[in-house]
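Because only heavy atoms are used, hydrogens play no part in the values below, and waters and symmetry mates are left out as well, while side chains stay in.
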Amino acid sequence: MEQITYYVEKIITLCGVSSNALHIVSPIVMAVIAILLSFTIGMLARKGFVPTILNITSRTKATWDDVVFNERVLTSASNIIPAMIIWMFLPAVFYRTPLIEELLKRATAIYITVMIVATAITFLNSLKDIEGTTQSTKRQYLHSFCGVLKIVMIFVAVIIVTSIIINRSPTVLFAGLGATSAILMLVFQDTIKGLVAGIRLTSNDMLHKGDWITVPKAGIDGNVEDMTLTTVKVRNFDNTIVTITPQTLVDDSFQNWIGMQQSEGRRVKRRIFFDFNAIRQLTKKECNEIVSRGLASADEAQEGMVNLTLFRRCMERRISNDEKVNGDMTFMVRQLEPTSHGLPVEFYFFLNDKEWVAYEHNLADIMEDIYSIIPLFGLKIYQYPPLSEA
C-alpha cells in the first residue's frame with residue numbers, strides 16, 4: 001500500500017500539483033481510487049465470478065455443488081470483497097487524520113464481520129436442501145446441527161462486534177463470560193432445553209419432516225411441515241397449523257404413524273357386542289340357509305353347532321379372501337372377555353390401501369357386509385336401550 005501511495009503522489013507531482021497541496025490532493029485521489037476499485041471488483045465478482053461458478057456447478061453431475069454454491073451464497077460472499085478493499089485503503093487515505101481512520105476502520109471491520117456471518121448463515125441454510133428426501137434422518141440431524149451452529153456463530157459475532165466497538169480484545173470478553181455463564185443458563189434455560197430436545201428428536205430418529213403425528217393433549221393430528229431446534233410446525237388435516245416445542249414432544253408421549261405408512265398394511269381393530277340371549281345352537285333350516293348363501297360348506301355347518309362359533313370361522317375366512325385385506329399379515333376374529341353390554345367379538349386385520357379416504361371406505365365396505373350377514377346366524381347385536389323399548 002505504501003508503494004501505491006508513493007506512485008500516486010509521484011504522478012500527482014508530475015501533473016504540476018505543488019508540494020503544499022499534495023497532502024490534500026493525495027488523500028482525495030486515493031479515496032477515489034479506493035471507491036472505483038472496490039466498485040469495479042465488486043461488480044466483476046457479481047457479474048463475472050458468480051455466473052462463472054454457477055455455470056461450472058450446473059455442468060457437473062453432482063447435485064451438492066448446485067445447492068452449496070448457489071446464487072445467494074456467492075452473491076453474499078461477493079459483497080465482502082469491496083469492504084475489504086476499502087479497509088486496505090483507509091491508512092493511505094486518512095494517514096493525516098488518525099481518529100477518522102480509526103473510526104472508519106472499526107465501522108468497516110464491523111461490516112465485514114456481519115457480512116461474513118450472513119454469508120455463513122446463508123451457506124448453512126443451503127445445506128438443508130441437501131438430501132431433500134422428507135424422511136431422511138441425516139437431513140433432520142443436519143438441520144439441527146446447522147441450527148446450533150448458527151446460534152454459536154451469531155453469539156461469537158456479537159462478541160467480536162462488541163470488542164471492535166469498545167476496542168478490546170475478544171478474548172477478554174470471552175473470559176469475562178465465564179463469570180456470567182450461570183446467569184445466562186438461567187435466563188436461556190427454555191431455549192437450551194428446546195435445543196437439547198430438538199437434537200434428541202432428530203438424532204434418535206423419533207420425528208421427521210412429513211411424518212403424520214398425533215398429540216391429543218395439544219390438539220395435533222396432521223403432518224409435520226417444518227422442524228427447527230425450538231419449534232415443530234404441524235398442519236392438521238383440517239388445514240389448521242399448530243406449533244409445538246420439541247420439549248413438549250420429548251416430555252409427553254406422541255403417536256408417530258410412520259411405521260404404519262412404511263408397513264405393508266394399515267390395521268383394523270373393530271368390536272361388535274353380541275346379545276348373550278341370541279347365542280345358541282343352529283337349526284337345520286338355518287344351516288341350509290347359510291350353506292346356500294355360500295358362507296360355509298355343508299360339512300362345516302352342522303345342526304346343533306353354536307351360531308357364534310360358525311360365525312367367527314366364516315368371517316375369518318371371508319376376511320382372508322377379501323382382496324382389500326393383506327392376507328400375509330395377522331388376521332383373526334376373536335372373542336373377548338364378556339361385559340355387561342354383551343359378548344364382544346373383535347375383528348383384527350390389515351388393509352392393503354393405507355391412504356385415509358380409501359382406507360375408511362374399504363373398512364366400511366367390509367364391516368357393513370359383516371353387519372348384514374349377522375342375522376343369518378341368528379345373532380343379535382347388543383344395543384342399549386333395546387329397539388323394542390326405544
Side-chain angles (χ1 to χ4, degrees), residues 1-6 8 23-24 26-39 41-42 45 72-127 144-196 198-199 228-230:
M1 189 57 63
E2 293 179 356
Q3 291 182 351
I4 296 176
T5 305
Y6 171 77
V8 168
H23 69 280
I24 299 176
S26 178
I28 296 175
V29 174
M30 290 296 293
V32 173
I33 292 174
I35 293 173
L36 291 177
L37 187 62
S38 63
F39 177 78
I41 293 179
R72 289 179 289 122
V73 175
L74 297 175
T75 303
S76 181
S78 64
N79 292 330
I80 303 174
I81 300 175
M84 296 181 66
I85 295 174
I86 294 294
W87 189 82
M88 293 171 57
F89 272 88
L90 285 177
V93 176
F94 299 99
Y95 65 94
R96 293 183 180 274
T97 53
L99 180 60
I100 298 177
E101 177 188 347
E102 182 66 22
L103 292 176
L104 291 179
K105 266 191 172 182
R106 293 185 188 182
T108 306
I110 292 173
Y111 175 80
I112 293 173
T113 303
V114 172
M115 289 307 302
I116 289 175
V117 173
T119 302
I121 290 176
T122 305
F123 174 77
L124 291 176
N125 290 334
S126 301
L127 290 179
S144 300
F145 177 76
C146 290
V148 174
L149 196 57
K150 283 191 289 185
I151 293 175
V152 173
M153 290 175 58
I154 293 174
F155 177 75
V156 173
V158 170
I159 297 297
I160 294 175
V161 170
T162 305
S163 66
I164 293 173
I165 294 174
I166 65 177
N167 197 23
R168 298 288 297 274
S169 174
T171 57
V172 176
L173 297 179
F174 280 114
L177 288 176
T180 60
S181 58
I183 299 176
L184 290 175
M185 290 182 66
L186 181 62
V187 173
F188 296 104
Q189 60 177 334
D190 292 337
T191 303
I192 295 172
K193 288 181 180 178
L195 295 178
V196 174
I199 294 174
T228 65
L229 289 177
T230 55

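Separating the CD1 atom in Ile85 from the CD1 atom in Ile80 is a distance of 12.5 Å, to the nearest 0.5 Å. Here Ile121 contributes atom CD1 and Lys150 contributes atom NZ; the two are 7.0 Å apart, rounded to the nearest 0.5 Å. Separation of atoms CD1 (Ile116) and CG (Asn79) is listed at 12.0 Å; rounding is to 0.5 Å. With rounding to the nearest 0.5 Å, the separation of CD1 in Ile159 from OG1 in Thr113 is 12.5 Å. Rounding to the nearest 0.5 Å places CG of Leu37 at 8.5 Å from CE of Met88.
Ala109 and Trp87 make their closest contact through N-CD1, 4.5 Å (heavy atoms, listed as atom of the first residue, atom of the second, distance). In this structure, Gly42 and Pro82 approach most closely via the heavy-atom pair CA-CG, 3.8 Å. Of all heavy-atom pairs between Ala83 and Thr108, the closest is O-CG2, 3.4 Å. Heavy-atom minimum distance, Ser38 versus Ile86: OG-CD1, 3.7 Å.
In this structure, the side-chain hydrogen bond (donor to acceptor under 3.5 Å, both in side chains) partners of Thr119, at least two apart in sequence or on a different chain, are Ser76. Every residue was checked against the side-chain hydrogen bond (donor to acceptor under 3.5 Å, both in side chains) condition with Arg168, not counting sequence neighbours, and none meets it.
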Next on the checklist: side-chain contact (heavy atoms from CB on, under 4.5 Å), that's the test. Do Leu74 and Phe123 meet it? Break it down for me.
Outcome noted: CA-CA 9 Å; Leu74 297 175; Phe123 174 77; over 6 Å; no
Checklist entry - Given the rule in the side-chain contact (heavy atoms from CB on, under 4.5 Å) test, do Ile165 and Arg106 qualify, once you have shown the distances and angles that lead to the verdict? => result CA-CA 7 Å; Ile165 294 174; Arg106 293 185 188 182; 6.0 Å; no
Checklist entry - Is there a side-chain contact (heavy atoms from CB on, under 4.5 Å) between Leu124 and Met153 once you walk through the steps? => result CA-CA 11 Å; Leu124 291 176; Met153 290 175 58; 3.8 Å; yes
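Between the side chain of Ser78 and the main chain of Thr75, a donor-acceptor pair closer than 3.5 Å is present. No donor-acceptor pair under 3.5 Å is formed between the side chain of Asn167 and the backbone N or O of Ser163.
For the salt bridge (Lys or Arg N to Asp or Glu O under 4.0 Å) condition, no pair includes a residue of residues 152-164, sequence neighbours left out.
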